[in-house]
There are 2 protein chains.
Amino acid sequence: MKKILIILLLVGIISSCSKKVVLVNDKKELYSAVQSALPGDKILLADGIWSDLKLRVNVSGKKNKPIIITAKNKGKVFIEGKTSINLGGNYIIIKDLFFKNGYARGSAVIRFKTHNDTVANYCSVINCVFDNFSNPDKYKPDHWIEFWGRHNELSNCYIRGKTNQGPTVRVFLKGNRNIWTYHQIKNNYFAERPRRGGPHGETIQVGSSGTSMTPAYVQISNNLFEHCNGEIEVISIKSNFNTVENNVFLLSEGSLVLRHGNYNTINKNIFIGDGSSNNYGGIRVINTGHWITNNYFYKLRGSNFRAPLAIMNGIPKSPLNRYNQVTDVVIAYNSWIYCQSPIQISVGANNDKKDVLPKNEIRSARPKRTIIANNLIYNQSNNNTIIEYDKVDGVRFINNYINRTDSSIYHNNGFISSSFNLIEIDSFLYKPQQCDKSVKLYVGYEFEKISTDLLGNNRNTKNCYGAILDNYEINFNLDKKRFGPDWNYLSKKVIPKSINLSSEDDFNKKLKLANNNDTIILTDTLYHMNSSVVIDKSLTFIASKEKNTVWLCNRADTVFTIKNGKLSLQNIHFKGNKQNILFKADLSGRYKLSIEQCSIDSFKNIIFAEKGSFADTILIVNSSFSDSDNGICLSAETDDKGNYNAEFVIIQNARFVNIADNVINYYRGGYDESTIGGNLIVNETEFVNCGNDLTHQTLIATNGIVNLLIANCFFKNNKVKNIAILWKEKNNYEKNNKIVNSGAFHSIMHLNQTLMY
Amino acid sequence: MKKILIILLLVGIISSCSKKVVLVNDKKELYSAVQSALPGDKILLADGIWSDLKLRVNVSGKKNKPIIITAKNKGKVFIEGKTSINLGGNYIIIKDLFFKNGYARGSAVIRFKTHNDTVANYCSVINCVFDNFSNPDKYKPDHWIEFWGRHNELSNCYIRGKTNQGPTVRVFLKGNRNIWTYHQIKNNYFAERPRRGGPHGETIQVGSSGTSMTPAYVQISNNLFEHCNGEIEVISIKSNFNTVENNVFLLSEGSLVLRHGNYNTINKNIFIGDGSSNNYGGIRVINTGHWITNNYFYKLRGSNFRAPLAIMNGIPKSPLNRYNQVTDVVIAYNSWIYCQSPIQISVGANNDKKDVLPKNEIRSARPKRTIIANNLIYNQSNNNTIIEYDKVDGVRFINNYINRTDSSIYHNNGFISSSFNLIEIDSFLYKPQQCDKSVKLYVGYEFEKISTDLLGNNRNTKNCYGAILDNYEINFNLDKKRFGPDWNYLSKKVIPKSINLSSEDDFNKKLKLANNNDTIILTDTLYHMNSSVVIDKSLTFIASKEKNTVWLCNRADTVFTIKNGKLSLQNIHFKGNKQNILFKADLSGRYKLSIEQCSIDSFKNIIFAEKGSFADTILIVNSSFSDSDNGICLSAETDDKGNYNAEFVIIQNARFVNIADNVINYYRGGYDESTIGGNLIVNETEFVNCGNDLTHQTLIATNGIVNLLIANCFFKNNKVKNIAILWKEKNNYEKNNKIVNSGAFHSIMHLNQTLMY
């Protein structure tokens with residue numbers, strides 16, 4: 001009995017005194033320290049590289065005594081290789097770690113659970129960097145941070161470069177432990193998420209259609225989203241009662257989308273475009289009861305799904321995973337400055353596609369009981385302030401203020417037009433010089449809850465239309481440093497250098513010496529390529545403009561295997577052996593390719609994309625492709641899941657002569673609306689004697705490509721039926737082309753596509 | 001200026017002093033008093049009948065100073081005729097009124113709004129009676145009480161007898177003013193809602209599929225539901241976050257159904273059956289996140305949709321108005337006492353109907369992440385404790401306690417079997433003699449929230465499986481007087497009398513003398529009917545068994561037009577003129593018909609139901625139908641909306657001879673699952689020489705009738721192909737019949753039905 005008492009006493013002392021700091025030097029020490037950690041403990045990871053971490057935290061801290069797992073020195077602890085960190089307790093903090101050169105082991109890098117029944121609560125990931133921590137296999141889905149449990153947090157992190165499938169941050173709401181979450185995602189810097197040529201590239205996704213009935217209560221606030229271009233949805237909200245507040249969306253090719261779920265609050269966000277790209281989105285609205293207030297939209301010119309404000313049509317009695325009708329949405333006190341067509345209603349209406357889509361894909365349920373009031377629009381000269389894709393009978397416009405008038409604004413008393421000036425607050429942030437006091441503001445049901453403006457000024461004492469009140473002292477500056485970690489995580493810039501390559505040099509050896517962005521100068525006029533060159537960084541190969549530098553490719557099956565980076569070629573004449581491939585985009589490749597002033601002949605394939613590869617841009621200027629079996633093949637994504645092999649293909653002043661089979665074959669399959677959708681421009685280019693072996697009868701095959709322009713080209717003696725088939729529902733055009741003995745352009749309105757859902 | 005000040009002062013004094021009581025004697029006085037009512041005012045309606053009220057209340061009381069509109073004397077103020085009371089302010093109370101002999105003007109008798117933008121908040125309807133206030137047109141939809149706004153209340157009312165289409169009480173959630181409602185429906189006595197032979201007969205409906213995403217927060221508590229037989233859903237919950245608590249469901253032919261919406265709390269309700277009817281239901285579960293705790297089920301023996309606990313299969317990615325998958329539901333601490341098959345899982349699974357239903361009607365999504373724990377089952381001898389309509393792989397059974405074992409219980413460790421005794425608390429309320437302390441209770445996620453038992457005893461100090469803790473002093477009594485108003489609203493019982501009718505009496509005059517339930521004795525042996533008799537109360541016509549009393553119907557086109565009540569006939573021989581109808585059920589008729597020991601011949605139609613009419617029961621015993629064109633025609637509901645003309649048709653020891661066309665034609669059309677569904681029993685009956693003129697070739701036509709039994713009958717020389725077509729998917733049987741030269745019974749498995757949704 002006495003012994004037991006003593007043991008109990010000792011245990012008591014140990015647990016109450018514990019608040020130790022432990023330095024760990026390897027994984028074994030780390031795992032052991034974590035396993036025995038007590039509330040208040042701090043575990044410091046020694047500086048250096050920690051590879052293939054597999055950390056499961058099943059201990060708990062307490063409210064004011066969290067267990068902290070952190071770097072000994074911020075920025076000097078690198079988490080690399082296949083990594084998983086699973087948190088299954090309460091009050092655990094992960095901080096100051098740098099994730100790079102690696103990717104998730106399993107479904108997530110950091111996951112707020114260790115088991116379905118053992119989820120994290122009150123845990124945080126703060127002040128970390130996740131840089132290009134992507135699985136090299138594009139189709140391998142994972143998340144960098146997976147939320148489960150309740151009251152967890154991701155804050156002050158820098159998160160950049162996810163290329164593989166799956167949202168960067170994903171909140172799961174499956175099961176009663178994972179609802180009413182009150183998770184916070186705040187103060188983070190979401191830097192570039194590259195285009196990926198397919199769906200499932202969201203930056204944040206909260207819930208899913210299957211859990212879209214859950215009360216989520218996630219707060220996404222004070223984050224910067226810059227170049228988040230992964231897909232059409234930067235943030236995809238698929239649940240209820242979330243708040244997205246005070247975020248900045250900077251040149252991001254996508255929208256904040258209220259995809260599923262209802263009663264979300266979208267307040268005080270800033271969306272910044274550049275006035276020229278159509279791809280930067282704003283807010284897209286589906287479902288019921290959202291409040292969209294105090295948001296600011298600048299220089300956005302997207303339309304349809306990418307409109308600054310897109311209010312969608314729903315599907316009557318929609319299936320759970322499709323589009324519910326918009327009802328009871330309040331859109332008040334927002335500002336649109338220099339946005340081409342700020343408000344677009346009944347987006348997605350597709351009654352005209354009745355013949356090619358099943359009934360439960362037809363979005364004919366128009367928005368209803370929706371209020372657009374007290375907003376501000378400032379524009380220059382367009383006449384399409386409001387675009388209506390269907391009859392607008394369920395949206396009430398009241399007391400909106402606009403600096404001009406145009407024919408698209410006919411809603412009775414819904415708009416007050418008056419010319420006024422703007423005052424610059426920041427390079428993109430403007431407010432009206434003075435609020436027009438004669439404008440009566442609409443006092444809608446519970447509008448008193450909109451108590452402050454975008455900058456936090458009180459609306460209840462003096463109020464005004466638009467996102468920013470006119471009569472306060474304003475100090476605002478978009479300082480990127482206020483987002484992300486408090487330590488310096490950006491790598492030092494290396495100044496690019498030039499490397500001379502003679503015909504006698506060992507090619508691959510020289511290549512190893514080259515750093516990212518270096519230039520390799522071809523000093524001789526004849527090169528023999530004997531082996532394949534693997535490109536995994538950005539390199540320029542350049543020959544003299546004056547010399548005719550020839551690169552003979554007799555022995556290599558594939559000349560360039562492109563894995564990553566940008567490959568630029570200038571002033572080179574590539575000559576194949578009729579059996580080989582000049583450029584093969586590797587299955588894990590994310591790349592750009594630029595061919596300038598080159599002539600290329602005698603290959604089996606000139607450009608050949610493997611399934612899984614993805615070119616952001618392929619640029620062909622002042623070059624000729626000739627005497628080859630195939631020209632440009634970007635058609636490996638044949639499983640029709642919305643993926644495709646290149647985003648932008650631009651061909652300017654080129655010649656295609658004697659290309660027998662595929663001349664240009666650019667393919668996107670599957671009925672998918674989540675990507676920009678493929679872009680091909682062919683300008684001032686000649687096609688002569690091509691397509692003799694073509695079975696599909698189309699010289700420029702572009703199935704499913706959304707944006708197509710063929711202009712000022714000359715087509716002569718090509719044995720094809722179609723030069724191209726233009727998809728008229730989308731943005732497909734040809735103009736000013738000359739055609740001699742070469743088939744013709746044909747058009748279809750709707751394309752029959754594989755349904756993915 | 002002075003004048004203005006004085007006026008302002010006076011207004012101030014008037015408004016602050018006001019708290020007056022006004023007696024009003026007519027509608028004009030009432031409307032005027034209401035229009036000028038101030039907080040604290042009380043308006044008394046004088047005793048008597050108030051006809052055709054059209055009251056709009058657009059004034060407001062205050063928190064402790066409501067405006068009260070009430071009866072001078074409880075039970076002496078009758079609201080009759082076409083009535084509408086619309087409330088469009090705050091803090092208004094309607095009380096002590098008796099609604100009878102009338103029906104709703106427009107969509108509702110009492111509606112908590114006057115306009116979409118002017119809804120009621122903090123208003124109440126209390127201590128009132130609504131007795132048979134039904135629109136006579138069965139298809140005219142209305143509600144007796146329509147909830148809009150927030151914080152409104154229906155309490156201590158007696159509500160009985162709605163026969164027309166539409167839920168008795170309906171909560172609307174359309175629009176932001178009408179969500180987060182916190183409405184209360186409490187302490188009411190919902191007495192009989194009769195069977196109506198079609199859908200839309202709920203007693204309470206909260207929301208709709210179209211508003212099923214709304215946070216409703218309605219509380220339905222402490223109500224009695226007795227004989228609420230309107231349809232398969234007594235309460236239809238179609239929204240989120242509602243609470244249904246402490247209610248008693250007594251012999252009600254339907255269930256508490258979680259039809260749409262999620263996260264509802266169903267706690268401490270009592271469901272009482274009689275051990276013989278299959279129609280009394282319990283709780284039917286669809287959707288996500290409900291907590292079903294502390295409920296008590298007694299002597300229920302329904303199956304499928306009417307199971308004591310029915311957990312349904314969903315439709316994968318269900319359309320908004322169909323069936324979502326069951327997920328994350330908690331079913332804990334409930335008791336099932338003498339319930340045949342208490343737990344039925346994957347109810348509605350219909351994979352086998354793939355060929356007759358569209359894909360989005362196939363319920364193949366099995367329940368998942370659902371927990372059934374700590375429940376109590378006490379049964380006698382059956383072997384079907386659990387019925388599984390599909391594979392059960394997403395429901396976890398843990399630590400449930402049962403007094404016996406049977407082969408249907410195979411869930412690993414999910415059940416603990418042990419024989420034990422019950423102790424009676426009330427005639428229907430039992431608890432185990434003593435909780436078996438060796439049974440470990442399952443402590444699920446947030447189970448600590450289930451803090452009390454059915455009777456309010458604390459679970460946290462001493463706990464036990466099942467709805468009622470064993471070790472508290474219990475005083476419980478189901479006193480019906482604790483529900484409904486505090487005044488006496490039941491009409492005095494009148495003792496039925498007998499009236500003699502001689503052949504020389506003025507028939508219609510005599511009829512007028514008869515009260516409900518009186519008996520009319522035919523004293524002579526021959527009667528001539530010259531005019532039609534309208535039946536609108538319960539009457540028995542009886543002749544002597546010994547005499548052959550003949551009722552010659554030569555001149556009336558229709559002999560009996562049945563509007564309401566029960567018509568019983570005994571020992572009479574009805575003889576028609578071959579051109580006329582003997583019994584015509586009027587389009588507004590709700591009736592019972594009993595024919596005993598009668599012989600009927602020479603009519604065009606013997607029983608003919610008009611569209612809209614509805615017989616609860618038609619009973620034909622020891623009688624013969626002969627030499628007529630048509631026998632029993634209950635087939636007027638041909639628009640296939642789920643309606644039908646009779647609930648129970650029972651034919652026992654009868655003869656059908658020389659009925660040329662429709663012999664029995666009993667029809668129910670439309671794919672509807674909300675009704676019992678038509679019941680026909682034909683036993684020990686002869687059919688001879690019938691069906692000569694039949695075009696549909698079926699002697700006993702029963703399209704869409706769910707329950708059919710033809711037994712011990714003799715069929716001879718009927719010129720038909722089919723005696724009957726048995727719908728095998730449902731409860732259709734024949735046995736022990738003898739067939740001579742009369743076609744045959746045929747069967748189909750699935751019926752092709754019109755989709756209604």
Side-chain angles (χ1 to χ4, degrees), chain A residues 116-119 121 149-150 173-180 208-215 239-241 260-264 286-291 314-325 327-330 358-360 365 368-371 394 396 443-447 449 757, chain B residues 116-119 121 149-150 173-180 208-215 239-241 260-264 286-291 314-325 327-330 358-360 365 368-371 394 396 443-447 449 757:
Chain A
N116 281 341
D117 289 344
T118 322
V119 300
N121 295 291
R150 293 177 175 180
L173 303 165
K174 209 161 54 178
N176 289 339
R177 280 175 174 79
N178 308 299
I179 57 173
W180 307 97
S208 63
S209 65
T211 58
S212 59
M213 68 295 282
T214 54
S239 49
N240 302 284
F241 312 123
H260 294 294
N262 312 279
Y263 302 100
N264 292 291
I286 304 144
N287 305 297
T288 292
H290 310 299
W291 282 62
I315 295 164
K317 295 168 187 168
S318 171
L320 185 62
N321 64 332
R322 304 305 290 145
Y323 292 84
N324 279 319
Q325 189 172 23
T327 69
D328 303 301
V329 168
V330 174
K359 193 180 158 201
N360 61 4
K368 62 181 186 183
R369 296 193 304 270
T370 287
I371 288 173
R396 193 168 156 207
V443 184
Y445 184 70
E446 291 192 327
F447 268 36
K449 288 191 177 173
Y757 305 101
Chain B
N116 281 341
D117 289 345
T118 322
V119 300
N121 294 293
R150 293 178 176 178
L173 304 165
K174 208 162 54 179
N176 289 337
R177 280 177 173 79
N178 310 299
I179 57 174
W180 307 96
S208 63
S209 67
T211 58
S212 59
M213 68 294 281
T214 54
S239 49
N240 302 284
F241 312 123
H260 294 294
N262 311 280
Y263 301 102
N264 293 292
I286 304 143
N287 305 295
T288 291
H290 309 299
W291 282 61
I315 294 164
K317 295 167 186 170
S318 171
L320 186 61
N321 63 332
R322 304 306 288 144
Y323 292 82
N324 280 318
Q325 190 172 21
T327 70
D328 302 303
V329 168
V330 174
K359 194 180 156 202
N360 61 5
K368 61 180 184 183
R369 296 194 304 272
T370 287
I371 289 171
R396 196 171 155 204
V443 184
Y445 184 68
E446 292 192 326
F447 268 37
K449 288 190 177 172
Y757 305 100

If I measure from the heavy atoms of chain A, does [X] come under 4.5 Å with its side chain, its backbone, both, or neither?
| X | answer |
| --- | --- |
| B/T288 | side chain |
| B/R369 | side chain |
| B/N324 | side chain |
| B/I179 | side chain |
| B/K368 | neither |
| B/Q325 | neither |

If you round to the nearest 0.5 Å, how far is CG of B/D328 from CZ of A/R177?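 Reported to 0.5 Å precision, the distance equals 10.5 Å.
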
At what distance, to the nearest 0.5 angstrom, does CG of A/N360 lie from NZ of B/K359?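 So the CG of A/N360 and the NZ of B/K359 are separated by 8.5 Å.
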
Counting heavy-atom pairs closer than 4.5 Å to chain B, which one of A/P319, A/S209, A/G210 comes out on top?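 When all of A/P319, A/S209, A/G210 are compared, A/P319 has the most.
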
If you count heavy-atom pairs under 4.5 Å with chain B, which of A/G261, A/G175, A/P316 comes out on top?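 Highest number of heavy-atom pairs under 4.5 Å: A/G175.
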
Which answer fits A/T214, side chain, backbone, both or neither, if we ask what part of it has an atom under 4.5 Å from a heavy atom of chain B?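 For A/T214, heavy atoms of backbone and side chain both lie under 4.5 Å from chain B.
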
Got A/Y445 and B/D117 here, is their nearest side-chain heavy-atom distance under 4.5 Å?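 Counting from C-beta outward, A/Y445 and B/D117 never come under 4.5 Å.
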
So which heavy atom on B/V330 is nearest to which on A/N176, and how close?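 Nearest heavy atoms, B/V330 then A/N176: CG2-ND2, 3.9 Å.
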
